[in-house]
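Chain A is the first sequence line, chain B the second, and so forth, proteins listed ahead of strands; every chain is numbered from 1.
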There are 2 protein chains.
Amino acid sequence: MWLPIRIDEQRPEPLYHQIEVQLRGLILGGQLQEGTMLPSIRELAVGLKCSAITIRRVYQDLENEGLIRTRQGTGTFVAGVETSVRDEHRLERASEELERALEAGLQLHCTFDELEGLFRDLIRRKKDSKEGSS
Amino acid sequence: MWLPIRIDEQRPEPLYHQIEVQLRGLILGGQLQEGTMLPSIRELAVGLKCSAITIRRVYQDLENEGLIRTRQGTGTFVAGVETSVRDEHRLERASEELERALEAGLQLHCTFDELEGLFRDLIRRKKDSKEGSS
DNA sequence: TATAGTGTGTATAACAATATACACACATGA
DNA sequence: TCATGTGTGTATATTGTTATACACACTATA
């Protein structure tokens, strides 16, 4: 099993948090359905080039949130999530990220129009590259 | 001397980095002119409710980047920066932040249009609150 | 029951943040 | 001119967090 998770060593944010955010997104975004068996902590650790302990922490945290269930000796599985919870999470998280970027831009003395233009350009470029690759 | 820097204890990102990013932005953004004396490490530490050592690290890192100059027993001062460097930094950093947010949104299965709409709404709301407070 | 897969617990190293004590520069006044 | 007080940056030791390696326990299956 492979998961579309990417970590950035350059970011000062701790590894476990980067992984948590993305895995949480995959579950709440609906890409991983209830009952799906996740990769073993070792397997994912190799894939992400980090230690198994770090993955263990991620799984433990997400289990405490009720998003996954882990059974010793067997594996780790995606738990069931209410649809309403999923939708709410999706928009809320996206807004949070955008707002953070907006704040950063304003602090850099960019104008509202500059930022809106920059964002539109980024989206256009991303759209094109996506179509080109598919 | 007061600096418009705010730190967020909730973020997993280390304190010194949050402060560095913002202070670097103030210098490269042109809000702090060459020769300006920055607050003492103690003063800024009190203002940001963190330790003086953390501020020391920030000043030290920025000095290694050549953005500030520190003289023992005297204080810490803003160094000169080329205008071209400033402008480049400004747009580059803003784009980086926006792209990060865009990536996060896409990973949450938002559509391009959804994200563009969300961002426009955020900007409108921000504009309104800014006008209201000024 | 042997074995190979899984998650779990303990000990260790590196890093972040802090408190505390120290060294230097400069203004002030004898 | 020199002592000294108050500001500045600097160095060391301590605590908590993050990431790791290694040994252990549980589960499934041949």
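- The side chain of B/S51 approaches C/dA19 more closely than any other nucleotide in the set D/dT20, C/dA19, C/dA23.
- The hydrophobic cluster containing A/F77 does not contain A/I27, counting ILVMFWY residues as joined when their side-chain heavy atoms lie under 4.5 angstrom apart, directly or transitively.
- Protein atom CD1 of A/I7 is 16 Å distant from nucleotide atom P of D/dT18, rounded to whole Å.
- Among the nucleotides C/dG7, D/dA21, D/dT10, the one closest to any side-chain atom of B/R56 is D/dT10.
- Between the P atom of D/dA21 and the CD1 atom of A/I41 lies a distance of 13 Å, rounded to the nearest Å.
- Distances from the side chain of B/T54 to the nucleotides D/dA11, D/dT8, C/dA17 place C/dA17 closest.
- The side-chain tip of B/R57 points at the ring of B/Y16 from less than 6.0 angstrom away and within 45° of straight on.
- One interatomic measurement links the two molecules: CD of A/Q60 to C1' of D/dT18, which rounds to 14 Å at whole-angstrom precision.
- Of all nucleotides listed (D/dT8, C/dA16, C/dT18), D/dT8 comes nearest to the side chain of B/M37.
- Comparing B/G75 and A/H17 against DNA chain D, the residue whose closest nucleotide sits nearer the 5' end is B/G75.
- The pair A/E97-A/R93 counts as a salt bridge, with a side-chain nitrogen and a carboxylate oxygen less than 4.0 angstrom apart.
- Of the candidate nucleotides C/dA17, C/dG7, D/dT8, C/dG7 has the atom lying nearest to any side-chain atom of A/R42.
- D/dA28 atom C1' lies 11 Å from atom CZ of A/F77, rounded to whole Å.
- For A/T74, whose side chain is taken as the heavy atoms from C-beta onward, the closest listed nucleotide among D/dT18, D/dT20, D/dT27 is D/dT27.
- Distance CD1 (B/I53) to C1' (D/dT12): 10 Å, rounded to an integer number of Å.
- Which of C/dC24, C/dA17, D/dT8 sits closest to the side chain of B/Q72 comes down to C/dC24.
- A salt bridge is defined here as a Lys NZ or Arg NE, NH1 or NH2 lying under 4.0 Å from an Asp or Glu carboxylate O, and A/E99 with B/R125 fails to meet this definition.
- The side chain of B/R71 contributes no N or O atom lying less than 4.0 Å from OP1 or OP2 of C/dA25.
- In summary, of the residues considered (A/V58, A/L48, A/I5), a side chain to side chain contact (heavy atoms under 4.5 Å, CB included) with A/Q22 occurs for A/I5 alone.
- One atom, OH of A/Y16, and another, C1' of C/dA14, lie 16 Å apart when rounded to the nearest Å.
- Rounded to whole Å, atom P of C/dG7 lies 14 Å from atom CG of A/L62.
- For the pair A/K49 NZ and D/dT20 C1', the computed distance is 17 Å after rounding to whole Å.
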